[in-house]
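These notes concern the structure reproduced below.
All chains are named by letter (A, B, ...) in the order of the sequence lines, taking the proteins before the strands, and each is independently numbered beginning at 1. Hydrogens, waters and symmetry mates are skipped; everything else that's a heavy atom, side chains included, is used.
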Number of protein chains: 2
Amino acid sequence: MPEILLIEDDKTLAKNLVRYLQTEGYTVHTADGQKKGLQLFGTYHPDCVLLDVSLSDGNGFSVCSAIRQSSDVPVIFLTASADENCTVAGFEMGADDYISKPFRPRELIARIQNVLRRHTSATKLLRCQNVIIDPSRGVVLKNENEIFLSALEYRLLLIFFTNVGKLLTREQLADELWTFSGEFVGDNTLNVYMKRLRDKIEDDPQNPSILKTVRGMGYKAVQS
Amino acid sequence: MPEILLIEDDKTLAKNLVRYLQTEGYTVHTADGQKKGLQLFGTYHPDCVLLDVSLSDGNGFSVCSAIRQSSDVPVIFLTASADENCTVAGFEMGADDYISKPFRPRELIARIQNVLRRHTSATKLLRCQNVIIDPSRGVVLKNENEIFLSALEYRLLLIFFTNVGKLLTREQLADELWTFSGEFVGDNTLNVYMKRLRDKIEDDPQNPSILKTVRGMGYKAVQS
DNA sequence: TCAGAATCTTACAAAATTGTAAGACAAAAG
DNA sequence: CTTTTGTCTTACAATTTTGTAAGATTCTGA
């Protein structure tokens with residue numbers, strides 16, 4: 001299912017790679033140079049780019065940085081040798097991985113799967129006990145069912161779930177919620193929001209198992 | 001500033017690595033075995049783990065999968081040789097990268113920086129023209145200033161910003177916003193939300209430059 | 001046990017959100 | 001040009017969110 005763009009001017013290698021990648025189920029587009037590569041990139045928006053560093057019409061670094069202008073698609077460099085400078089320069093250009101020729105097909109597949117896994121899991125879920133935030137949809141689930149939070153409740157829960165296990169003081173929480181607008185909210189307001197949030201996400205709001213009070217300090221979300 | 005946990009039972013190598021990493025500004029904790037490694041992991045919550053695959057008291061894979069139970073911290077395997085099976089198995093265990101001994105210190109640093117960059121940029125911003133969503137805070141900025149969106153407006157904008165350039169049909173949008181609750185909303189409701197959203201994020205809502213109408217089809221967010 | 005402090009709970013108005021309806025407007029087709 | 005279709009705009013009530021106040025409850029230390 002994933003689409004791969006291969007930018008490689010060694011025609012024999014390219015042909016072999018295409019065939020191998022296709023047998024693994026990938027759709028492959030091939031370009032034999034920089035210009036064609038960027039053009040195809042614009043056309044197909046591939047899920048992963050395999051990029052030869054030593055193209056005849058310019059080096060791969062410039063292609064990579066051009067791609068990075070508009071996209072954070074995973075890029076894997078194909079290097080002629082395990083040249084350290086190459087590696088370092090490639091990473092600095094925003095490459096996600098590199099592999100030195102000659103390489104074993106199996107290893108290339110492993111690296112492709114690896115960067116794809118990492119990239120797609122960018123839509124990471126935040127989880128604490130039976131409650132899940134899906135930040136990429138702005139949605140909260142409790143036991144698989146969606147629950148409604150208001151904008152402020154959502155942001156408050158987000159703070160806790162990105163800091164599970166950490167103590168958050170009242171001041172930190174209030175700052176994060178209200179500082180932006182320079183608003184002054186009363187001292188008790190946070191208490192009220194904590195209660196509202198607990199009422200919505202806790203199984204037993206009177207005995208919270210997720211959002212714990214740390215008396216005199218603040219609150220923290222606990223994993224179990 | 002970042003903390004690194006090194007799990008390595010070759011004392012000489014460990015000592016050299018620690019010294020080198022420290023000169024590069026990292027704080028390093030060292031463990032000479034599986035048990036100690038997991039213990040230190042729990043204590044320090046490092047930003048990155050360097051893990052020897054061949055520990056005397058058990059292989060590194062089990063350590064990696066133990067770590068993955070509770071954390072998605074980046075793990076880099078140190079392998080005795082460029083053994084393909086090792087590589088593949090490591091990635092399947094959730095490793096983020098691997099490096100074969102002997103390796104050049106500069107390359108290790110490059111790989112560490114690479115995984116750290118990737119990992120911290122998990123708090124990725126979604127950007128389209130002069131409007132930015134910070135999903136990790138649930139906040140929307142226009143020209144550096146925070147603007148308020150209601151819960152539904154936020155989710156609607158999130159759909160557009162995770163699909164910049166793509167046409168989204170009315171049906172797709174309505175499904176994504178209202179299907180969960182099985183609600184039936186009127187045919188015109190989405191129009192009204194589009195207007196409200198444009199009024200808040202567009203410089204000239206009558207001539208939207210971000211959220212474009214595609215007559216007969218739906219809408220799309222455009223990069224420029 | 002008691003007093004003081006911290007947190008929780010309830011109740012309340014002001015403000016904002018939500019969904020609908022009715023008409024205005026704009027683009028495409030006849 | 002006129003009609004039709006699709007989208008935009010405005011206005012409106014029901015509901016929800018938001019912040020505050022006042023009192024209840026719980027915890028801690030003397």
Under 4.0 Å between a side-chain N or O of A:Trp178 and OP1 or OP2 of D:dT18? no
Here the distance between atom C1' of D:dT18 and atom CG of A:Leu156, to the nearest Å, is 14 Å
To the nearest angstrom, the CG-P distance between B:Leu149 and C:dT18 comes to 10 Å
Under a 3.5 Å threshold, yes or no: a donor from one side chain and an acceptor from the other, between A:Glu8 and A:Thr30?
no
(request) Quick one: label B:Tyr154 by what it contacts on the DNA or RNA (base, sugar-phosphate, nothing), any heavy atom closer than 4.0 Å. (result) nothing
#### Entry: Exceeds 12 heavy-atom contacts within 6.0 angstrom, atom CD of A:Gln223
yes
Would you check if the side chain of A:Thr189 reaches a backbone N or O of A:Val185 as a donor-acceptor pair within less than 3.5 Å? no
B:Leu168 atom CG is separated from D:dT7 atom P, nearest whole Å, by 14 Å
From NZ of B:Lys195 across to P of D:dT9 the rounded distance in Å is 5 Å
Are B:Ser150 and C:dT18 close enough that a side-chain N or O sits under 4.0 Å from OP1 or OP2? yes
Ranking C:dT9, C:dT7, D:dT9 by distance to the side chain of A:Asn188, first place goes to C:dT9
Whole-Å distance, B:Leu190 CG to C:dG19 P, equals 11 Å
By nearest-heavy-atom nucleotide on DNA chain D, the more 5' of B:Gln206 and A:Val192 is B:Gln206
- [ ] State whether a side-chain donor-acceptor pair under 3.5 Å links A:Arg198 with A:Ser209.
- [x] no
5'-most contact on DNA chain D (nearest-nucleotide basis), A:Tyr193 vs B:Arg215, goes to B:Arg215
In this structure, CH2 of B:Trp178 is separated from CZ of B:Arg155 (nearest 0.5 Å) by 9.0 Å
Under a 4.0 Å heavy-atom cutoff, the residues of residues 196-205 of chain B touching DNA chain C are B:Arg196, B:Lys200
Rounded to whole Å, CD1 of A:Ile147 lies from C1' of D:dT16 at a distance of 16 Å
To the nearest angstrom, the CG-P distance between A:Asp187 and C:dT7 comes to 9 Å
Taking the six-membered ring for Trp, are B:Phe160 and B:Tyr219 parallel (under 30°), tilted (30 to 60°) or perpendicular (over 60°)? perpendicular
- Message: Under 4.0 Å from OP1 or OP2 of C:dC8: is there any side-chain N or O of A:Thr213 that close?
- Response: yes
Whole-Å distance, B:Leu211 CG to D:dC8 C1', equals 14 Å
Only residue of A:Ile112, A:Ile4, A:Val49, A:Leu51 satisfying side chain to side chain contact (heavy atoms under 4.5 Å, CB included) with A:Ile76 is A:Ile112
